[in-house]
Novice: 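Below you will find the structure I want to go over with you.
Count residues from 1 along the sequence. When reading the values below, keep in mind they use all heavy atoms of this one structure, side chains included, and skip hydrogens, waters and symmetry mates.
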Amino acid sequence: LITMKLVRSILIVSFAGAALGGSCDVGDKKDCGHMGSTQSDCEGSGCCWQPVNEVDKDTPWCFYPDGDGPGPTSGPTSGPGGDCSSYNWNADGPGFTDEFYNTMFENYRANLNVEGCGAVVAAPDGDTPGGSYYYHWMRDAGLSIKAWMDVNDNDHDSVSEVLDAYAGWVAKVQQKNDPNGIDVRIEPKFTIPDGEPYTGGWCRPQTDGPALRAMALSKWGMLMKKAGRSAEAASDVWPLVSFDMAWVTENWSQSGCDLWEEFTSDDFYWNRMAFAYSLNAAADFADSIGESAGSNYRSVANEIVDSAKGHFNGNFIYECNGREKDGAVIHAIITFGEYLYPPTSSEAAKTVAAYNNAFCEEYPINQQENGAGKPGILIGRYPGDSYAGGNPWQLLTAAHGEIFYLGASAWIKSVKEKGNYALTEEHNDWRELLYLDSDATVLDLARASLAAGDSVMSRLWDHVKDDGGRIDEQIDKHTGAQASAQALTWSYANILHTLHTRKSVVRELESVSP
């Protein structure tokens, strides 16, 4: 045994390249290489080279010394990679042009009510690293339908064709017999156009699905009522909402799949906030048409919010034990944050700061662009992600940008109500994140937050602008090219939603006296 240990030690030493001024004897190895890296490439970057066996195949061969990530490119603490110690939050605009926006909008619309059946296709791409995306995912569809209403200013006539068809689709799939031994309401995806539950192996159950579907339909029901279609809203849409919410109110604490369909937990921050937001939306719809379920929905929502408060650990909001830093949290802040930790909160600021550093260290493209002084940051699903190479995601980077825009909007409204005033202790985390002086005002904070949102979006723009308005799922973390599923509906939804939010922020800011 001693001999075998000695031999193993000799082998490791012989294969481990020496880092510049650092130790290669580390447990938590942060990837310093890229697909195709050689030992000479790795060691030339000042990193450690250590091949691994099949058992440890997910461990990087090329990794940063001392367990560190990238450091500054110059100065006494210089090291491999770019600078993840500070960020450029100064940009003159988001980069996206009106023409490009309109092209994305048209591509987005083409993925809704596909084949005239009411389904929302995840992407019209049958050949991705994860197989065909030509399915209707319940959760993606609920979020994309909500975004469709928002980017159309919640105008009934603009969205009715898509939404009437979507309601018809839901009425069909809610009543399907389930071939997988679970309630059909918590199936992840359905075939198009027949609406049959997918029978292949997949992460089941997806417990946020019925909540998000009911949320989208509740918002549609409210628009129908305002347009004089109260009877239809009550007779056609309310039964769909109440059927889904019956599952949610009874089963919200059940274990389910994460946003990325990879593992299960009964305590995802995303799921809890999705439940709370959706229950409140359904309660508003119930009240508007004279149904009595609203008070129960709100009571359950409040219980869920209370259960989610512990997800702020003092440093950031975490998704769940075992997957602490996850882009799902960023998405939850912008979409559901009003019920717990909104975009203006110190909890959100600390989360943004922590995730900036995590994803800067995770992606070489961020390090390269930070080192070049480029504004913004790209974010992805979670550190250590390996799907399709483990890259930044367009839809999450857009969500990251929207946090800043939503903060700017709230602070502008505060200035309109109270007049401009000096930042207080409650703003400290945002002031530090955006590098504002101690004598800065709330209006300064709003302007800085708008510029920060533009910084994130302008970096995203640089990586999607050359594909004719097509937006894909991921951005290669080494080359910066779009990658994985092409023309992803959720990507269109989030980018358009973020840019739509920005338009309103700019209008609000223009109405405020300097």
Side-chain angles (χ1 to χ4, degrees), residues 89-91 93-94 146-147 149-151 153-154 219 269 273-274 276-277 280-281 284 305 308-309 311-312 316-317 329-356 376-377 396-437 439-457 494-514:
W89 299 127
N90 297 306
K146 173 191 178 294
M149 288 184 279
D150 287 344
V151 300
D153 295 315
N154 288 290
K219 291 180 178 292
Y269 184 74
M273 296 313 300
Y277 182 91
N280 276 288
D284 290 342
V305 168
K309 290 178 179 176
H311 277 258
F312 179 66
F316 57 87
I317 303 168
V329 171
I330 297 297
H331 204 322
I333 291 171
I334 66 160
T335 310
F336 316 129
E338 66 185 272
Y339 291 105
L340 185 54
Y341 301 126
T344 55
S345 66
S346 61
E347 291 87 355
K350 288 180 177 178
T351 301
V352 169
Y355 283 36
N356 285 344
I377 187 79
L396 291 171
T397 298
H400 205 58
E402 188 161 4
I403 286 183
F404 292 106
Y405 292 148
L406 290 170
S409 177
W411 291 314
I412 292 168
K413 290 176 183 175
S414 181
V415 170
K416 286 183 175 181
E417 293 171 0
K418 305 175 184 178
N420 198 14
Y421 56 97
L423 296 181
T424 64
E425 185 177 351
E426 70 175 280
H427 303 108
N428 278 349
D429 291 305
W430 280 109
R431 180 181 57 77
E432 292 174 7
L433 177 65
L434 297 174
Y435 311 130
L436 292 173
D437 294 335
D439 60 350
T441 66
V442 174
L443 189 55
D444 293 330
L445 177 58
R447 288 171 173 153
S449 195
L450 172 60
D454 285 350
S455 298
V456 174
M457 294 305 289
N494 280 19
I495 292 176
L496 289 166
H497 198 277
T498 296
L499 294 172
H500 186 264
T501 297
R502 183 189 184 274
K503 289 178 182 178
S504 66
V505 173
V506 171
R507 288 194 298 269
E508 292 164 1
L509 188 59
E510 289 173 347
S511 68
V512 176
S513 301

Novice: Would you please test Y355 and V329 for side-chain contact (heavy atoms from CB on, under 4.5 Å) and show each step?
Specialist: CA-CA 10 Å; Y355 283 36; V329 171; 3.6 Å; yes
Novice: Got a salt bridge between D284 and K219, using NZ or NE/NH1/NH2 to carboxylate O under 4.0 Å?
Specialist: no
Novice: Sub-3.5 Å donor-acceptor pair from the side chain of T351 to the main-chain atoms of F316, do we have one?
Specialist: no
Novice: For the atom pair CZ (R447) and CG (L434), what is the distance rounded to the nearest 0.5 Å?
Specialist: 14.5 Å
Novice: To the nearest 0.5 angstrom, please state how far the CD atom of E432 sits from the NE2 atom of H427.
Specialist: 13.5 Å
Novice: What are the two closest heavy atoms between L509 and L450, and how far apart are they?
Specialist: CD2-CD2, 3.7 Å
Novice: Are F336 and H331 side-chain neighbours, meaning at least one heavy-atom pair lies under 4.5 Å?
Specialist: no
Novice: Minimum heavy-atom separation for I412 and V512, please, with both atom names.
Specialist: CG2-CG2, 3.6 Å
Novice: Is it the case that the side chain of D454 and the backbone of A451 share a donor-acceptor pair, with hydrogens and angles ignored and the cut-off at 3.5 Å?
Specialist: no
Novice: Search all heavy atoms of W89 against all heavy atoms of G376 and return the closest pair with its distance.
Specialist: CZ3-CA, 4.1 Å
Novice: Does the N494 side chain pair with the main chain of A398, one donor and one acceptor, at a distance under 3.5 Å?
Specialist: no
Novice: Under a 3.5 Å cutoff, is there a donor and acceptor pairing between the side chains of S504 and Y405?
Specialist: no
Novice: Quick check: does any side chain N or O of H311 sit under 3.5 Å from a backbone N or O of A308, one acting as donor and the other as acceptor?
Specialist: no
Novice: Mind checking whether L499 and M457 have side chains closer than 4.5 Å, heavy atoms only?
Specialist: yes
Novice: Considering only heavy atoms from C-beta outward, does the side chain of L423 approach that of T441 to under 4.5 Å?
Specialist: no
Novice: Would you indicate whether the side-chain heavy atoms of S409 and T501 approach each other to under 4.5 Å?
Specialist: no
Novice: Measuring from atom CD of E402 to atom CD1 of I495, what distance do you get when rounded to the nearest 0.5 angstrom?
Specialist: 11.5 Å
Novice: Is a donor from one side chain sitting under 3.5 angstrom from an acceptor on the other, for S511 and K416?
Specialist: yes
Novice: Nearest 0.5 Å, what's the CE-NE2 distance between M149 and H497?
Specialist: 10.0 Å
Novice: Mind listing the closest non-hydrogen atom pair of T498 and A399 along with its distance?
Specialist: OG1-N, 4.3 Å
Novice: Which of parallel (below 30°), tilted (30 to 60°) and perpendicular (above 60°) describes W430 and F404?
Specialist: perpendicular
Novice: How close do I377 and T397 get, heavy atom to heavy atom, and via which atoms?
Specialist: O-CG2, 3.7 Å
Novice: Please list every donor-acceptor pair under 3.5 Å in which a side-chain atom of residues 337-347 meets a protein atom from a residue at least two apart or in another chain.
Specialist:
unit_1	atom_1	unit_2	atom_2	d
Y341	OH	K309	O	2.7
S345	OG	P342	O	2.7
S345	OG	A348	N	3.0

Novice: Restricting to side-chain contact (heavy atoms from CB on, under 4.5 Å), what partner residues turn up for K503, sequence neighbours left out?
Specialist: Y101, R507
Novice: Within the structure provided, determine whether L433 and V352 are in side-chain contact (heavy-atom separation under 4.5 Å).
Specialist: yes
Novice: Tell me whether S449 contacts the main-chain N or O of G407 through its side chain, where contact means a donor paired with an acceptor under 3.5 Å.
Specialist: no
Novice: Of all the heavy-atom pairs spanning V505 and A408, show the shortest one and how long it is.
Specialist: CG1-CB, 3.9 Å
Novice: Quick one: CD1 on I403 to CD1 on I330, what's the gap to the nearest 0.5 Å?
Specialist: 4.0 Å
